[in-house]
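Below is one structure, written out as structure tokens, with a few remarks after it.
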Amino acid sequence: MITVRCHRDGLTLAALVAAVTLLVAAIALSLVPQQAQAATLARVTNFGTNPTNLNMYVYVPDRVAARPAMLVMVHYCSGSASAVHNGNGRDYVTGADRYGYVIVYPEATRDGHCFDVSTPNALRRNGGGDSTGIMSMVSYARQRYNVDPARIVVAGFSSGAMMTNVLAAEYPDVFSAGSAFSGVPAGCFATTNGSLWNSQCSGGNVQKTPQQWGDVARAMYPGYTGRYPRMQLWHGTTDTTLAYPNFGEELDQWTNLNGLSRTPSFTDQPKSSWTRTRYGATGTAATVEGVSISGVGHELPMAGMLAYSIAFLGLDNNNPPVTTTTTTTTTTTTTTTTTTPVPPPGGCAVAASVSAWNTGLTETITITNTSTTAVNGWQLRFTLPGGQVITSGWSAGYSPASGEVTARNVDYNTQIPPGGSVQIGFQASHTGNSAAADGFTLNDARCAVS
């Protein structure tokens, strides 16, 4: 029992009541479970050798994959880690939340916040330039977050795109793929006077043969004889900061580094102002991909582009992209051998289900072999409704991205036993029609739809 002695003005009782109310509220609040803190962009210090005093930031999603991929995201001149994380690179963050990969952000600290892709130190492996510090970040994050070493990729915008090309050329044994938005070939920005700007290159006036550009990149890691990363290149046709001719020079360099003809294997227009060319393969896992954006200047990426980058880099799949084209090269010609799979003698059945939202959808397709003979190697052809464009896929290679599409088996699901099934799927954008695909044929045999 509490005894209260009141003064004539009643203030003692009022004060006690207020105090008791606050105490009860505090106790109640302490009993409420506190929500876990959401993933945020975090600064990392003491990450290793850092000769040019770069900053390192990292984003680890709340639900990181057990063996995650890692994206090195390199900002533009005058940019910062937080600017690209919260700005035009935001779709990469959304992708990390969805697919569980880790993002590492190098941040330039010199005046102008541009990355050095010009000086001799910057243009050789372990040369003591910005790329040396970035590779320290890669090594730190790879160990700290149990990163899959086969799925370390790099992307960048403008100055970051130039660094993307340089990193891929200097460390081809580390990076599996890259996406460069409005960049120049590796080595194009080289200077000998200490300047970080090369006006001849920026103006599109440094032009070489594919072999010459390949040799420039190979000189950054002398003696290396292994494979070079897959590369996706983007450029606007009216870019006056890093002029549009640099786009063609980049394609020359990366097709040469990968031993490919400069003649595209596939050309399409995912959007009305885009022209996409693929080299080495026709699907999302093409070795080199170029996307030219008509009427656009130095303002990439734009809305929707990073979804294509995420798919190309393989960040939306727990398995690295698989290229299934078999190529035999002689001294003068390249011959591609294509094997036509045998139709199932007793037929096939397909079940398709769609989950749609606003302007996107995912479609899951189950293919069943209803014959009494195993299918060894398969191609499933189908028709997408108008306005649908495949942006990524799993368990098959898809080409083209719209209209009449062919899905081809990957190495782990080549065979479908009698009565057996395989399940594949894709993500697509749409303009209002989110219906399932139709007209399914398996190795040219019409399938029943269930």
Any chance CZ of Arg90 has more than 12 other-residue heavy atoms, nucleotides or ligands included, within less than 6.0 Å? yes
Report, as yes or no, whether the 6.0 Å neighbourhood of atom CZ on Arg63 holds more than 12 heavy atoms from other residues, nucleotides or ligands. no
In short, Gly280 meets Thr287 closest at the heavy-atom pair CA-OG1, 4.1 Å
Could you walk me through whether Ser353 and Thr364 pass the side chain to side chain contact (heavy atoms under 4.5 Å, CB included) test, one step at a time? CA-CA 5 Å; Ser353 62; Thr364 301; 3.8 Å; yes
Does Asn369 reach the main-chain N or O of Ile416 with its side chain, forming a donor-acceptor pair under 3.5 Å? yes
Flag side-chain contact, heavy atom, 4.5 Å: Ser136 against Asn50: no
Is a side-chain donor-acceptor pair under 3.5 Å present for Asp97 with Tyr59? yes
Heavy-atom neighbours of Arg125 CZ exceed 12 at 6.0 Å: yes
Please find out if less than 6.0 Å separates the ring center of Trp234 from that of Phe247. no
Kindly determine whether Val154 and Val74 satisfy side chain to side chain contact (heavy atoms under 4.5 Å, CB included), including the steps that lead there. CA-CA 8 Å; Val154 58; Val74 196; 4.1 Å; yes
Just checking, any donor-acceptor pair under 3.5 angstrom between side chains of Thr52 and Asp130? yes
I'd like to know if the side chain of Thr238 and the backbone of Gly297 have a donor-acceptor N/O pair within less than 3.5 Å. yes
Has Ser371 got a side-chain atom pairing as donor or acceptor with Thr373's backbone, closer than 3.5 angstrom? yes
Assess, by modelled atom type and distance only, whether the side chains of Thr362 and Gln427 contain a donor and an acceptor separated by less than 3.5 Å. no
Could you check whether His113 and Ser80, counting side-chain N and O atoms only, form a donor-acceptor pair closer than 3.5 Å? no
Could you go through Tyr221 and Tyr171, starting from their C-alpha distance and side-chain angles, then the distance that decides it, and tell me whether this counts as side chain to side chain contact (heavy atoms under 4.5 Å, CB included)? CA-CA 8 Å; Tyr221 185 11; Tyr171 300 93; over 6 Å; no
Knowing that exactly one of Phe115, Tyr92, Tyr57, Phe157 qualifies, which makes a ring pair (Phe, Tyr, Trp, His ring centres under 6.0 Å) with His75? Phe115
Contacts satisfying salt bridge (Lys or Arg N to Asp or Glu O under 4.0 Å) that involve residues 299-308 (not counting sequence neighbours) are none
Any Tyr308 side-chain heavy atom under 4.5 Å of Arg276 side chain: yes
Hey, mind stepping through Asp268 and Arg278 against salt bridge (charged side-chain N to carboxylate O under 4.0 Å, His left out) and telling me if it holds? CA-CA 9 Å; Asp268 72 343; Arg278 287 172 168 166; 5.4 Å; no
Is a side-chain N or O of Asp316 found less than 3.5 angstrom from the main chain of Tyr99, in a donor-acceptor match? no
Is a side-chain N or O of Asn198 found less than 3.5 angstrom from the main chain of Ala190, in a donor-acceptor match? yes
Within-4.5 Å side-chain heavy-atom neighbours: Trp274 and Met305: yes
Taking only residues at least two apart or on different chains, which pairs with a member in residues 73-85 satisfy salt bridge (Lys or Arg N to Asp or Glu O under 4.0 Å)? none
Test Cys188 against Asn246 for side chain to side chain contact (heavy atoms under 4.5 Å, CB included), laying out the working first. CA-CA 9 Å; Cys188 181; Asn246 282 301; 3.9 Å; yes
In a check of side-chain hydrogen bond (donor to acceptor under 3.5 Å, both in side chains) between Trp213 and each of Glu249, Gln253, Glu250, which one passes? Glu249
On a heavy-atom basis, which atom in Leu257 and which in Ala217 lie closest, and how many Å separate them? CD1-CB, 3.7 Å
